[in-house]
Amino acid sequence: MSDLLIRGGRVIDAAGERVADVLVRGGHVVEVGTGLSGDEVLDASGCVVAPGLVDLHVHLREPGMEEAETVDTGARAAALGGFTAVVAMPNTEPAQDDPAVVMAVLAAGERASCDVAPAGCITRGRAGEALAPMGELHDLGVRIFTDDGACVADAGVMRHALDYSRALPGAVVAQHAEDPGLAGSGAMHEGAWSSRLGIPGRPAAAEDIIVARDLILAELTGARVHFLHVSTAGAVEMVRAAKARGLPVTAEAAPHHFTLTDECCASFDPVFKVHPPLRAQADVDAIRAGLADGTIDAIATDHAPHPVEQKERPFEEAPPGMLGLETALALTLTELVAPGLLSLADALALLSWRPAAIAGLESHGQPVEAGSVANLCVIDPDLPWEVDPLRLASKARNTPFAGRKLTGRVRHTLLRGEPVVIDGEAQR
Ligand SMILES: [Zn+2]
């Protein structure tokens with residue numbers, strides 16, 4: 001059996017940091033040390049070798065919207081972004097509320113460039129009424145349940161889902177926290193900019209009210225709750241207080257929520273339309289503080305591809321969502337690590353081992369040591385590059401970061417020992 005050597009990198013994982021060669025054989029790390037040799041060598045000098053990144057929040061659009069993305073194209077974008085596993089949101093068409101749909105996504109993931117863990121719906125058709133067959137979906141390996149794209153607005157339904165999830169080992173109920181009545185048909189954050197631009201707003205209160213309610217329900221039921229794409233200062237503060245009280249709550253934040261504000265919408269370019277919306281600077285600052293102090297557990301992209309013709313409709317009519325897989329790591333390094341807000345190890349914790357633990361992905365986010373599955377990424381933290389939408393592997397082009405100069409890029413990605421990205425190029 002031939003082996004592969006990742007030579008001369010700075011290994012960073014949950015166990016610590018050291019300069020070492022990493023020898024991979026048969027899909028596993030077999031040795032970590034110095035002066036090792038292998039049949040095939042990947043250079044990692046000047047680079048960081050880390051457990052593969054894990055994205056808790058990705059829209060792969062298959063089945064149903066394959067003109068925007070497929071499991072195959074989305075996974076390739078993920079691998080190029082350093083991700084070895086992604087959680088596929090269930091707002092497909094049909095929705096992932098049924099074992100057959102989940103099995104189809106799993107089957108597509110078998111051939112993909114990263115592991116694909118389908119999330120399951122909380123309710124049938126994401127309609128917020130009858131519970132989906134959560135037990136049957138759990139039997140297929142589903143651990144994250146969400147109606148993402150839609151909020152479970154009815155407190156009784158949410159309580160029922162939380163109660164039920166307690167019987168499913170490792171299950172977590174993940175909420176898209178936006179009260180639909182308050183968010184209404186708003187197309188951007190409600191504030192000074194929405195007034196000035198005449199675009200209807202979605203108030204921060206729409207998010208805060210659901211977070212407050214679901215924390216009360218978490219306390220009532222004892223069940224795990226995860227908040228998707230937290231975007232308000234109020235939500236960060238409530239999650240911080242809930243954690244201090246010992247509630248089993250986790251939260252993620254998306255790169256666009258710690259890098260962009262509602263002022264971007266002044267261009268009327270729908271590429272800046274997303275739910276929850278880009279917020280005010282004070283919210284961005286609060287998200288950054290929440291990432292720095294551990295209140296927020298994970299950076300998740302909410303990668304949401306849309307066909308060009310749909311994203312080019314007028315702002316209020318265009319679908320919400322933006323790409324994220326190929327820019328998340330570089331934005332984290334450029335915006336959070338370079339200014340000293342996070343250490344590199346803290347950033348990797350948010351992008352790899354903490355989300356892996358939330359999703360119960362046991363072969364991801366593991367320390368780089370003999371015996372662990374070789375799901376790895378090699379990052380050049382100093383490489384400057386500029387985001388060019390035309391060069392993304394995603395089928396879609398709706399990145400809000402076009403033209404942005406970033407520092408740090410994935411050099412190699414290994415999926416179960418197989419190099420799926422070498423020197424920044426996808427291998428399958
Ligand atoms: Zn969402």
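By convention here, the first residue in the shown sequence is residue 1. In each ligand, atom 1 is the first atom listed, and ligand 1 is the first ligand listed.
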Hey, what's the ring geometry for Phe145 with His138, parallel, tilted or perpendicular (30° and 60° as the breaks)?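 Correct class here is parallel.
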Do NZ/NE/NH1/NH2 and the carboxylate oxygens of [X] and [Y] come within less than 4.0 Å?
X      : Y      : answer
Glu62  : Lys395 : no
Glu386 : Lys405 : yes
Asp423 : Arg411 : yes
Asp293 : Arg240 : yes

Between Asp97 (side chain only) and Ala132 (backbone N and O only), is there a donor and an acceptor less than 3.5 Å apart?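 No, the answer is negative, given that no donor and acceptor are paired below the 3.5 Å cut-off.
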Closer than 2.8 Å to the Zn ion (ligand 1), how many protein N/O/S atoms do you count?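 Of the protein's nitrogen, oxygen and sulfur atoms, 3 lie under 2.8 Å from the Zn ion (ligand 1).
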